[in-house]
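I have placed the structure first, in the form of structure tokens, so that the comments after it can refer back to it.
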Amino acid sequence: MTTLYARYAAHIDAALDALEKEGVLQPGVDRRNLTVEPPRDASHGDLAANAAMVLAKPAGMNPRALAEALAAKLNAIDDVASVDVAGPGFINLRLTDDAWRAELTLIAEGGADYGRSTLGKGSIVNVEYVSANPTGPMHMGHCRGAVVGDALATLLEHAGHKVIREYYVNDAGGQVDVLARSAHLRYREALGEDVGEIPEGLYPGDYLIPVGQKLAHDHGDRFVGAPESDWLVLFRETAVAAMMDMIRADLALLGIHHDVFSSEAIVQREKKPEAAEAILREKGLVYDGVLEAPKGEVDPDWEPVTLPLFRSTQFGDDQDRPIKKSNGSWTYFGADMAYHFQKAQTADALIDIWGADHAGTVKRIKAAVTALTGGTKPFDVKLVQMVRLLRGGEPVKMSKRSGNFVTLADVVREVGKDVVRFTMLTRKADAQMDFDFAKVVEASKDNPVFYVQYAHARICSLKRKAAEAGITASGSELGRLDAADLGLAKLAAQLPRLVESAALAREPHRIAFYLYDLAAAFHSYWNSGNDDPTRRMFQADAPEVTAARLFLASAIGQVIANGLAIMGVAAAEEM
RNA sequence: GCGCCCGUAGCUCAGUUGGAUAGAGCACGAGCCUUCUAAGCUUGGGGCCGCAGGUUCGAAUCCUGCCGGGCGCGCCA
């Protein structure tokens, strides 16, 4: 399905072709920057085209003259009520009321699919998100990236992509060894030993107690005094598996389910880093060299060592990056580049969602993907800023040392999945955000979650009330819809365009802001019925008007529901 | 020292990838409830879009340089 705006872009293209044929416009002028958009100021019309201003100079024409010539062509289109040339050469189109009524019918026919686009042409996008280390339960630091990644994945699906939702399990580094040792302590504890305080440097959380118990149950006491080499791998794998079960359960609370969980350990076992290194050495992009001493603070322990380095400076990075440590094992980056190359085998484009604290490593991984794929796979890293947790304006205290951080599960239990998801999308990803427990559950218009949900619930309530009166929505009397009604219809008809532009920008928060605007317009309309009974959607003595407005309200409800679906938020039927 | 992100109303933030007179909410002022749900609505004031240049028909948006804030700059993950 093409959007209204795409249809008019095609009309303009055709009009330009005609002008070329008539000799008014010279052929071959670059048309790439032409747009058809709703004007910022609705009083200018329904659609605004910039074609005349963009083409005037390369075509050597006066922009207003070109605009007038185009306007004459566009005026002939059936759905166009009027065409104006304004300002420096804007072409403002006003559509007939019937054209907007037809949009309402499209919404009704489209149902849950209204707003879906074929823009992505079925190309495969791999979205990697969450990828929290498997060393404990999900906490609120992970939450925003999880929601943004998941909503972005759904958004891309609506925009016509096939999406792979992927989680990279960092089960190969030093942190999971620490996890294994922590589990060993809990294992001894489970066998009756008094282990006392959990020592510094190990994970203290209670969540490892059942892991220790399971290990004790399965293996008895034979690893109690055994050297680490006897049990480390076993304990690590057991603990990581348990952590991943926990993380999957936490994510499920948010309605998040990944398609693929990729293990760093398996990436290494399958020699993917070696393969990537060979490719890069072949291209002269990995060499054995010595890093310069770090700038800034002087480290007395720094010693020059020869390491295999990736030439990321060739792609704009500050320095070349080691892919192996001096002990011969792979660095995080060394494995990660191989992992990204692996993802690129089954996708046309890659997107990673990272916490902003990893911003410093974006250049090297982008460089590596470009180098390994020859630049054939577009790769975006979206950085998600931190969330500050508040309760009634006061920061929530978190003590990482005691393991008493605020877990995602606790927050979802307290405020609900829908509130968490919606709130996380009420700010663009690269802006910092406050999450105040008191505010997000507030039932007032200050709270966008509530405000949008309430609009949907109001529409459901209206339908129930009309059903009791024996009136059902009907698209056969849409002529009874007036200017105020059609104003709402115009806003509702924006959804397809919003889906496309939000998907192109990879910014799911735009859907949230759009829904807020739509809900505000709806509430405003609704309230106008307080003063003027003829503005009410339900009028028992005017069944035709009611049926038509019910059709309008249903369309708005559908659009809200579809937008919320992209965000992964349920559309409440009553509050 | 270098890199990345940010700077828009008193506050919190949008701004449709460069469009027309820069928007919304909160807060402040003025109105509105025997309600199709006031869990709100209507309306008013409030701006050097950090500063200075540049690019062009047009800049909050793109480029350069400053100023200010945040984050990062290990063979960590």
Side-chain angles (χ1 to χ4, degrees), chain A residues 5 33 35 37-41 44 48 50 52-54 56-57 62-63 86-90 92 131 133 135 170 172-176 264 291 294-297 299 301-302 305 307-309 316-319 321-336 355-363 383 385-386 426-428 430-434 442-448 450-451 454 457-458 461-462 465-466 469 494 497-498 500-502 504-505 507 509-510 512-514 516-517 520 523-531 533 535-540 546 549 574-575:
Chain A
Y5 302 89
N33 293 323
T35 60
E37 295 172 332
R40 215 165 253 189
D41 186 340
H44 289 134
N50 65 353
M53 293 179 292
V54 174
K57 195 170 187 186
N62 175 306
F90 283 101
N92 292 329
S131 299
N133 286 335
T135 55
N170 299 135
Q175 291 185 3
V176 284
E264 181 183 2
L291 282 178
K295 300 258 169 31
E297 220 171 298
D299 181 355
D301 296 335
W302 188 85
V305 183
L307 293 168
L309 301 178
D317 202 358
D318 309 337
Q319 65 178 176
R321 304 293 175 175
I323 60 172
K324 274 185 181 176
K325 308 177 197 174
S326 53
N327 68 8
S329 67
W330 294 99
T331 61
Y332 182 82
F333 170 63
D336 202 29
D357 51 339
H358 289 82
T361 62
V362 171
K363 275 189 180 172
L383 296 177
Q385 282 288 348
M386 297 293 161
T426 54
R427 211 115 295 179
K428 63 183 170 201
D430 50 17
Q432 284 178 288
M433 177 165 81
D434 287 347
E442 208 170 88
S444 79
K445 67 164 297 211
D446 307 353
N447 181 358
F450 169 80
Y451 198 63
Y454 184 40
R458 250 182 176 166
S461 150
L462 172 69
K465 177 164 181 159
Q494 299 292 312
R497 205 179 68 88
L498 254 295
E500 291 192 349
S501 62
L504 283 171
E507 291 185 345
H509 78 276
R510 292 188 190 194
F513 281 92
Y514 165 67
Y516 183 85
D517 285 345
H523 287 307
S524 172
Y525 180 107
W526 184 270
N527 276 76
S528 66
N530 286 337
D531 296 331
R535 291 252 48 89
R536 297 183 182 185
M537 286 189 145
F538 178 82
Q539 296 175 51
T546 300
R549 288 198 173 148
E574 49 193 343
M575 306 292 292

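Below, chain A is the first sequence line, B the second, and so on; all start at residue 1. All values derive from a computational prediction rather than experimental measurement.
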Filtered N/O pairs between nucleotides 41-46 of chain B and protein, under 3.5 Å:
unit_1 : atom_1 : unit_2 : atom_2 : d
B/rC41 : OP1    : A/Y451 : OH     : 2.8
B/rC41 : OP2    : A/K445 : NZ     : 3.2
B/rU42 : OP1    : A/S524 : OG     : 2.8

Polar-atom pairs under 3.5 Å, protein N or O versus N or O of nucleotides 18-24 of chain B: list them with distances, or write none.
unit_1 : atom_1 : unit_2 : atom_2 : d
B/rA20 : N6     : A/N92  : OD1    : 2.6
B/rA20 : N1     : A/N92  : OD1    : 3.3
B/rA20 : N1     : A/N92  : ND2    : 2.9

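The base of B/rU16 has none of its N or O atoms less than 3.5 Å from a complementary donor or acceptor on the side chain of A/R510. Side chain A/Y454 to base B/rU37: a donor-acceptor pair is found below 3.5 Å.
Between A/R427 and the phosphate of B/rC13, there is a side-chain N or O to OP1/OP2 separation shorter than 4.0 Å. Residue A/K465 places none of its side-chain N or O atoms closer than 4.0 Å to OP1 or OP2 of B/rC36. Phosphate contact (OP1/OP2 of B/rU16, side-chain N/O of A/H509, threshold under 4.0 Å): absent. The phosphate of B/rU16 (OP1 or OP2) has no side-chain N or O of A/K428 nearer than 4.0 angstrom.
Counting any heavy atom pair closer than 4.0 Å across all strands shown, A/G174 reaches sugar-phosphate atoms only and no base atom. Across all strands shown, A/A505 has heavy atoms under 4.0 Å from base atoms, whether or not it also approaches the sugar-phosphate. Within 4.0 Å (heavy atoms only), A/T331 reaches sugar-phosphate atoms of the nucleic acid but no base atom.
When both distances must be under 3.5 Å, the Watson-Crick or G-U wobble mate of B/rC57 is B/rG19. B/rA9 is unpaired under the criterion used here, namely a Watson-Crick or G-U wobble arrangement in which both key atom distances are under 3.5 Å. B/rC66: Watson-Crick or G-U partner is B/rG50, with both key distances under 3.5 Å. Nucleotide B/rC73: paired with B/rG1 (Watson-Crick or G-U wobble, both distances less than 3.5 Å). As the counterpart of B/rC41, B/rG31 is assigned, both hydrogen-bonding distances of the Watson-Crick or G-U wobble pattern falling under 3.5 Å.
Side-chain contact between A/E574 and A/Y454: absent, with no pair of heavy atoms (C-beta onward) separated by less than 4.5 Å.
In this structure, A/D430 CG and A/E507 CD are separated by 7.0 Å, a value rounded to the nearest 0.5 Å.
Applying the 5.5 angstrom centroid cut-off and the 30 degree plane-angle cut-off, the aromatic ring of A/Y332 is not stacked upon the base of B/rC76.
Atom CZ in A/F333 sits about 11 Å away from atom P in B/rC76, given to the nearest Å. Distance A/K325 NZ to B/rC75 P: 11 Å, rounded to the nearest Å.
Taking atom P in both B/rU64 and B/rU21, the straight-line distance is 28 Å, to the nearest Å.
Annotation: of the two residues near RNA chain B, A/D434 and A/D430, the 5′-most nearest-nucleotide partner is A/D430.
Between the side chain of A/H523 and the backbone N or O of A/Y451, at least one donor-acceptor pair lies under 3.5 Å.
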